[in-house]
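Beneath this line is the structure, given in structure tokens, with notes to follow.
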Amino acid sequence: MSRTGLAVDPANRHLIELLTGISSGIASVNDLAGFAREIERALDELCDAEYIALYLWDFEAGRLRTFAGRGFTAEERAEAERTAWDRHPGSVFREPRLLHVPDVLLDHDRQTQNSARSFVVRSRLFMPVMCRDEVLGVIGLASGTPNRFTDGDIAVLGFISRLTGVVYRQLLDRTERRRAETSLATTARRLRLVVGSLPIALLSLDPVTRRISLAEGAGFGQLGLDPVLCLGVPAEEALAGFPALADAVERAVRGEAVAEQLAMRERVISFQAAAHRGGELTVLLFDITDLRRALDELTVANSDLQQARDQAIEATRAKSSFLAAMSHELRTPLNAIIGYTELLLEEHAARASPGFAADLERVAGAARHLLGLISDVLDLSKIEAGKFAIHPEDIDLGALLASIDAACRPGQQRGGNHFVLDVPDPLPALRADATALRGVLINLLGNAHKFTSHGTVTLQIRELVAAGARRVEFTVADTGIGMSEPQLRKIFDNFTQADASIARRFGGTGLGLAITLNLVQLMGGDITVASEPGLGSTFTFWLPGAPE
């Protein structure tokens, strides 16, 4: 065929033979590289144009790519591919149609005047590459001669574009299928490795023939079975040495939902069976002997722990009951010592020597200290024994605050602190246990003065409404030594202080805050604390307000 023109008589035998050869060559390729070479050869043989390009849609990259062509350099080809979407190839791809520009100079849409080619383009021809209704790319021809492309050129290009679309779709499908098969094979291989390393036995069998078609898992070795020897063998024959297992498989084949634990020799096996839609039965065996043994041991340990806990609780109750019952016997002698010591001081102070009076003061002080320690222990014991009774009553907060101020004044004076009382006027109504509330406030204010030196201690009272209920909130704040986060986590524990150095410096049993927390909660409230080392501490507790 002469390459001086593209208008070819369809009856020409040479053209038919050429098209047949090109079709066979394109249809025989198995990869995209070979496909691109065949398309480029076909276009070169059939199309007499300075510029030929095949743009195909790259589904992975999501863009048009130049798969074949001639008439431009590598740089020009890269530029044509980069701008394809915004030029005629992209336009034809988005709206599939034949685009024929006989003479660029007569095209009033000036887009065609821009070109990545080094020669002057005068005529253009673009044809969409399609398979059925799917657009897969665009074939473009360009020439420096105006009116170059005829109806014959269009017919030939249409034939090549349709053939290209069919073969490209087949290649894409084949590539995707190979990729899926490879992925499936990889997944199956990984699954086989995983199953083979797990202490399970997985087998499948045909419900009609009862023959085993799949046997995987390290669990077969634990049962003394060779999975290879089980393949193709009827289940009753392969599992003849395990009557309970064979019976469970038989019941599952009959359609029963079987999920149970089987005793097999010295092992305990979990058995589960499930039928697939095709009727094939899959059985999963899992050796749970060690798990059952561990569970039995855990059950025994839990029982022992429960018994020990009950005994400890009972011992605590007995101790608390004993200490609560001893309250009178322990406090009465100490009160007598304190009373007689004070009586001696009062009656004989004027006649006694200074040393004798000082000794009596020390006896009285030691007795008071001991009485305070014993009172804390006994109060906590009463609370733990459930014998600390709360007696709610309407409280005169003014009188209560006056008595508390008097009780805390010595501690305030020893620390050289400034006391601030911040309360509303009038004072809120409150119904609570006056003795318990007085003990809570004295303990918090006493601690505040004890751990603050030449600073400020503040007691603030506010009436609030929270969740539709009235509350009276008490806040005790100081500017003392403060506490760290680890110390805050344990200050409400029994017999615990912030740290050993504080116990040595300030003394105490470590029960004050534990008793305070219990008293507040017994009265229906709660307490929180915030503190930072060197910046002081703030204790806040609330109690239910008096009903309307």
Side-chain angles (χ1 to χ4, degrees), residues 372 375-376 379-380 395-425 427-428 430 432-464 466 471-485 487-493 496-498 502 505-545:
S375 295
D376 285 347
D379 287 344
L380 184 62
I395 295 179
D396 182 353
L397 274 179
L400 181 67
L401 292 175
S403 67
I404 291 172
D405 180 63
C408 294
R409 193 176 300 279
Q412 174 189 347
Q413 294 173 347
R414 282 194 300 272
N417 297 320
H418 175 59
F419 178 61
V420 176
L421 182 62
D422 181 5
V423 297
D425 186 17
L427 289 168
L430 181 63
D433 187 304
T435 302
L437 178 57
R438 185 176 186 274
V440 169
L441 287 172
I442 288 178
N443 183 271
L444 294 178
L445 288 169
N447 281 346
H449 285 299
K450 180 165 64 172
F451 297 118
T452 303
S453 178
H454 298 89
T456 301
V457 175
T458 303
L459 171 60
Q460 182 188 76
I461 301 177
R462 291 289 183 267
E463 187 172 23
L464 308 172
R471 290 180 174 181
V472 179
E473 185 178 88
F474 299 81
T475 300
V476 176
D478 64 64
T479 59
I481 61 175
M483 291 174 284
S484 64
E485 186 63 31
Q487 292 172 334
L488 287 175
R489 287 196 292 266
K490 60 183 180 179
I491 59 171
F492 290 109
D493 295 342
T496 300
Q497 291 188 338
I502 290 178
R505 288 176 57 193
F506 301 100
T509 61
L511 292 176
L513 290 177
I515 294 172
T516 295
L517 173 63
N518 280 278
L519 291 178
V520 170
Q521 292 178 343
L522 284 173
M523 289 187 288
D526 203 0
I527 186 169
T528 59
V529 59
S531 183
E532 290 187 37
L535 299 179
S537 303
T538 300
F539 288 83
T540 302
F541 72 93
W542 61 267
L543 297 175

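These numbers were taken from a predicted model, which means no experiment stands behind them. What you see below is based on every heavy atom in this structure, not just the backbone, and it leaves out hydrogens, waters and symmetry mates.
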query: Could you walk me through whether I515 and N443 pass the side-chain contact (heavy atoms from CB on, under 4.5 Å) check?
result: CA-CA 9 Å; I515 294 172; N443 183 271; over 6 Å; no

task: Might you work through the side chain to side chain donor-acceptor pair (under 3.5 Å) test for N417 and T452, ending with a clear yes or no?
output: CA-CA 7 Å; N417 297 320; T452 303; 5.1 Å; no

message: Apply side-chain contact (heavy atoms from CB on, under 4.5 Å) to residues L459 and T475 and explain how you reach the verdict.
response: CA-CA 6 Å; L459 171 60; T475 300; over 6 Å; no

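Going from atom CG of L517 over to atom CD1 of I527 covers 7.0 Å, rounded to the nearest 0.5 Å. Distance NE2/H418 to CD/Q412: 8.5 Å, rounded to 0.5 Å.
Of all heavy-atom pairs spanning I491 and L513, the tightest one is O-CB, 3.5 Å. Between L400 and L437, the shortest heavy-atom distance links the atoms CD2-CD2, 3.5 Å. The two residues V520 and W542 come nearest to each other via the heavy atoms CG1-O, 4.1 Å. Of all heavy-atom pairs spanning C408 and G446, the tightest one is SG-N, 4.4 Å. Between A407 and I442, the shortest heavy-atom distance links the atoms CB-CD1, 3.9 Å. In plain terms, the two heavy atoms of A448 and V457 that are nearest each other are CB-CG1, 3.7 Å.
The stretch residues 398-411 participates, sequence neighbours left out, in these side chain to side chain donor-acceptor pair (under 3.5 Å) pairs: S403-R438, D405-R409. Residue pairs satisfying the salt bridge (charged side-chain N to carboxylate O under 4.0 Å, His left out) criterion with at least one member in residues 439-449, sequence neighbours excluded, are absent. Pairs passing the salt bridge (charged side-chain N to carboxylate O under 4.0 Å, His left out) check and including a residue from residues 471-481, sequence neighbours excluded, do not occur. Pairs engaging residues 521-531 under the side chain to side chain donor-acceptor pair (under 3.5 Å) rule: S531-S537 [sequence neighbours left out].
Every ring-ring contact (aromatic ring centres under 6.0 Å, His included) that F541 has, sequence neighbours left out, goes to F474. Annotation: salt bridge (charged side-chain N to carboxylate O under 4.0 Å, His left out) contacts of R462 (sequence neighbours excluded): D422. Partners of V423 according to the side-chain contact (heavy atoms from CB on, under 4.5 Å) rule, which considers only residues two or more places apart in sequence or in another chain, are L401, L421, L427, I461. Checked against side-chain contact (heavy atoms from CB on, under 4.5 Å), A477 has the following partners two or more places apart in sequence or in another chain: T538. Residues satisfying the side-chain contact (heavy atoms from CB on, under 4.5 Å) criterion with S484, sequence neighbours excluded, are P486, Q487, P533.
Between L488 and V529 there is a side-chain heavy-atom pair separated by less than 4.5 Å. Using a 4.5 Å heavy-atom cutoff, the side chains of L535 and T479 are not in contact. L445 places a side-chain heavy atom less than 4.5 Å from the side chain of F419.
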